[in-house]
Amino acid sequence: MVIAVAVLILGVLFGALFLIPRKSAVAEKNRTNAADRKKVYGVYSKAEVALHNKRTDCWIIVKNRIFDVTSYVEEHPGGDAILTNAGSDSTEGFYGPQHPGGAFQLIEDYCIGELEK
């Protein structure tokens, strides 16, 4: 009986390891890359941003700020919708009803500069 209880307790503990949410390695890498990107904060023209219009090199403009979301493209919950305005202004799409409040905080990690005036 004691052995059965011990096995049950160990099973619950090990099961909890798989059920408790953890940061993925990709998410952690994105946070590190975001910190590195902030070091090169700059001012970019629309022409410069337009060059970054691919899945493997994706910049967007939101409210005249530039975001390098390349490392986030594969994790985007809306799939390829993030690529709709790659290399251009995504303000209207970004502020659509599909984005929860957390999206506004998340995107800050990807800011690399602002649009030249």
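What you see below is based on every heavy atom in this structure, not just the backbone, and it leaves out hydrogens, waters and symmetry mates.
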Given side chains that start at C-beta, do those of Tyr44 and Ile61 come closer than 4.5 Å, heavy atoms only?
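Heavy-atom side-chain distance check fails, nothing below 4.5 Å.
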CA sep, side-chain torsions, deciding dist, call: Asp89, Leu115, side-chain contact (heavy atoms from CB on, under 4.5 Å)
CA-CA 10 Å; Asp89 196 318; Leu115 193 61; 5.8 Å; no
If you look at every heavy atom in Gln98 and Gly93, which pair is closest and at what distance?
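Smallest heavy-atom distance, with atoms named: NE2-O, 2.7 Å.
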Minimal non-hydrogen separation, Cys58 against Val73, with atom names
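That closest heavy-atom pairing would be CB-CG2, 3.9 Å.
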Within the supplied structure, the quantity of interest is the number of heavy atoms (other residues, nucleotides, ligands) at a distance under 6.0 Å from Lys54 NZ; does it exceed 12?
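Enclosed.
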Which residues pass the side-chain hydrogen bond (donor to acceptor under 3.5 Å, both in side chains) test with Asn64, sequence neighbours left out?
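Once residues adjacent in sequence are excluded, Asn64 has no partner under the side-chain hydrogen bond (donor to acceptor under 3.5 Å, both in side chains) criterion.
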Does Ser90 use its side chain to pair, donor to acceptor, with the backbone of Val62 at less than 3.5 Å?
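Checked: no pair found.
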Phe104: ring-ring contact (aromatic ring centres under 6.0 Å, His included) partners, not counting sequence neighbours:
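Here the qualifying residues are Phe94, Tyr95.
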Measuring from atom CG of Asp68 to atom CD1 of Ile60, what distance do you get when rounded to the nearest 0.5 angstrom?
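Those atoms lie 9.5 Å apart.
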First locate atom NZ of Lys63, then atom CD1 of Ile107, and finally report the distance between them rounded to the nearest 0.5 Å.
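Nearest 0.5 Å value for the NZ-CD1 distance: 11.5 Å.
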Given Tyr72, which partner from the list Phe67, Tyr110, Trp59 fulfils the ring pair (Phe, Tyr, Trp, His ring centres under 6.0 Å) test?
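Per the ring pair (Phe, Tyr, Trp, His ring centres under 6.0 Å) rule, the option paired with Tyr72 is Tyr110, out of Phe67, Tyr110, Trp59.
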Once salt bridge (charged side-chain N to carboxylate O under 4.0 Å, His left out) is applied, do any residues pair with Glu74, and if so which ones, sequence neighbours excluded?
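Once residues adjacent in sequence are excluded, the partners of Glu74 under the salt bridge (charged side-chain N to carboxylate O under 4.0 Å, His left out) criterion are Arg55.
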